[in-house]
Amino acid sequence: VQRLAPDADEVNGISWSRTGDSIYYSRPMDAAQDQLWKVRISDRRSLPVNGVTAITAQDNPTDGSLIASPGPYPKLYSYPPGAAKPDLLWPTELKSARGFAVSANGIYAIPRRNEKTIWLIHPESRAAELVLTLPFPARSIQILRDGNSLFITEDAPPRHSLVFLKRFW
């Protein structure tokens, strides 16, 4: 086992880049904000992602933007390549995000106040559609590379179980 970011005492929000050659993570800047970083797997070099204060982020495979979440239960923002400021993606009716995963279809998200549902957000229109109702509250979500399967973490304190769902919608 080797540390990928040996200079970081605390890291959060780990996610693979779209190309698989690096990993995004965040490090606390101060008590209120985290700075997004990217570590290349090949040489373990960590570089800050300039202008992005976020606790977690994922690449958008359709347009090369970065989808980022600036806090534990915030709204989602898109950072287009070369843009001066981010675009708010989160539909107002969903309040804030508990977890999210970016795919070619859009952004699958678990709303904070309705953890038993999964929504698909379409970044172009900012529209959201309910795609799945769960029998348990969910904590986090990941999409497999095939784009057709979801891993969801069940939120059942004190334990958190991993659930696999094959896409059926």
Side-chain angles (χ1 to χ4, degrees), residues 4-5 8 10-29 33-42 44-83 85-91 94-112 115 117-129 131-132 138-155 160 162-165 167 169:
L4 284 177
E10 180 183 343
V11 298
N12 299 302
I14 299 166
S15 66
W16 282 102
S17 67
R18 179 176 29 90
T19 58
D21 63 349
S22 55
I23 295 173
Y24 291 108
Y25 67 93
S26 64
R27 292 169 46 180
M29 287 178 13
Q33 289 186 321
D34 283 15
Q35 169 67 49
L36 190 66
W37 290 70
K38 188 175 185 177
V39 59
R40 289 190 309 232
I41 303 301
S42 61
R44 295 186 178 90
R45 184 170 179 212
S46 290
L47 297 170
V49 179
N50 292 329
V52 182
T53 54
I55 199 165
T56 188
Q58 296 178 28
D59 285 322
N60 186 343
T62 58
D63 66 5
S65 65
L66 192 63
I67 308 300
S69 173
Y73 299 116
K75 298 170 179 4
L76 296 178
Y77 292 86
S78 172
Y79 290 82
K85 63 180 189 172
D87 295 327
L88 177 64
L89 289 179
W90 197 250
L94 296 183
K95 305 281 187 226
S96 59
R98 177 91 191 250
F100 72 97
V102 181
S103 78
N105 298 330
I107 303 163
Y108 292 96
I110 303 164
R112 180 175 179 215
E115 291 93 351
T117 61
I118 296 177
W119 294 74
L120 178 61
I121 300 168
H122 302 281
E124 320 76 48
S125 65
R126 310 294 194 270
E129 63 178 293
V131 293
L132 187 62
R139 183 177 186 83
S140 63
I141 183 171
Q142 290 292 320
I143 298 174
L144 292 182
R145 291 213 185 269
D146 68 3
N148 294 322
S149 306
L150 299 174
F151 278 112
I152 298 169
T153 306
E154 180 180 8
D155 192 9
H160 302 289
L162 187 64
V163 176
F164 171 79
L165 295 172
R167 184 171 152 185
W169 53 85

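- You'll find the side chain of Leu36 stays beyond 4.5 Å of the side chain of Thr53, heavy atoms only.
- The OG atom of Ser140 sits 11.5 Å away from atom CZ of Phe151, with the distance rounded to the nearest 0.5 Å.
- Asp59 is not listed as a side-chain neighbour of Ile67, based on a closest heavy-atom distance of 4.5 Å or more.
- Pairing each heavy atom of Lys85 with each of Pro80, the nearest pair is O-CD, 4.5 Å.
- Looking at Trp37 and Val49, their side chains never come closer than 4.5 Å, going by heavy atoms from C-beta outward.
- Nearest heavy-atom pair, Phe100 versus Ala57, reported as atom, atom and distance to 0.1 Å: CZ-CA, 4.4 Å.
- A donor-acceptor distance shorter than 3.5 angstrom exists from the side chain of Arg126 to the backbone of Leu88, with no hydrogens or angles considered.
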**Q.** From CA spacing to verdict: side-chain contact (heavy atoms from CB on, under 4.5 Å), Ile152, Ile118
**A.** CA-CA 10 Å; Ile152 298 169; Ile118 296 177; 3.2 Å; yes
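- Looking only at side-chain heavy atoms (C-beta outward), Ile107 and Leu76 come within less than 4.5 Å of each other.
- A donor-acceptor pair under 3.5 Å links the side-chain atoms of Ser17 to the main chain of Ser22, judged by distance alone.
- In plain terms, the two heavy atoms of Thr62 and Ala104 that are nearest each other are CG2-O, 3.5 Å.
- When all heavy atoms of Val102 and Pro61 are compared, the closest pair comes out as CG1-CD, 3.7 Å.
- Closest of all the heavy-atom pairs between Ser103 and Tyr108 is OG-CE1, 3.4 Å.
- The structure places CD1 of Ile110 at 8.5 Å from CD of Glu115, a figure rounded to the nearest 0.5 Å.
- Arg44 places no side-chain N or O within 3.5 Å of a backbone atom of Ile41 that could act as its donor or acceptor partner.
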Q: Applying side-chain contact (heavy atoms from CB on, under 4.5 Å), run through Tyr24 and Leu66 and close with a yes or a no.
A: CA-CA 10 Å; Tyr24 291 108; Leu66 192 63; 3.5 Å; yes
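- The minimum heavy-atom distance between Gly99 and Ile141, with the atom names listed, is C-CG2, 3.9 Å.
- Under the 4.5 Å side-chain criterion, counting only non-hydrogen atoms from C-beta, Gln58 is not in contact with Asn60.
- No side-chain donor from either of Tyr79 and Asp87 sits under 3.5 Å from a side-chain acceptor of the other.
- Tyr25 and Ser46 share a donor-acceptor pair across their side chains, judged by distance under 3.5 Å alone.
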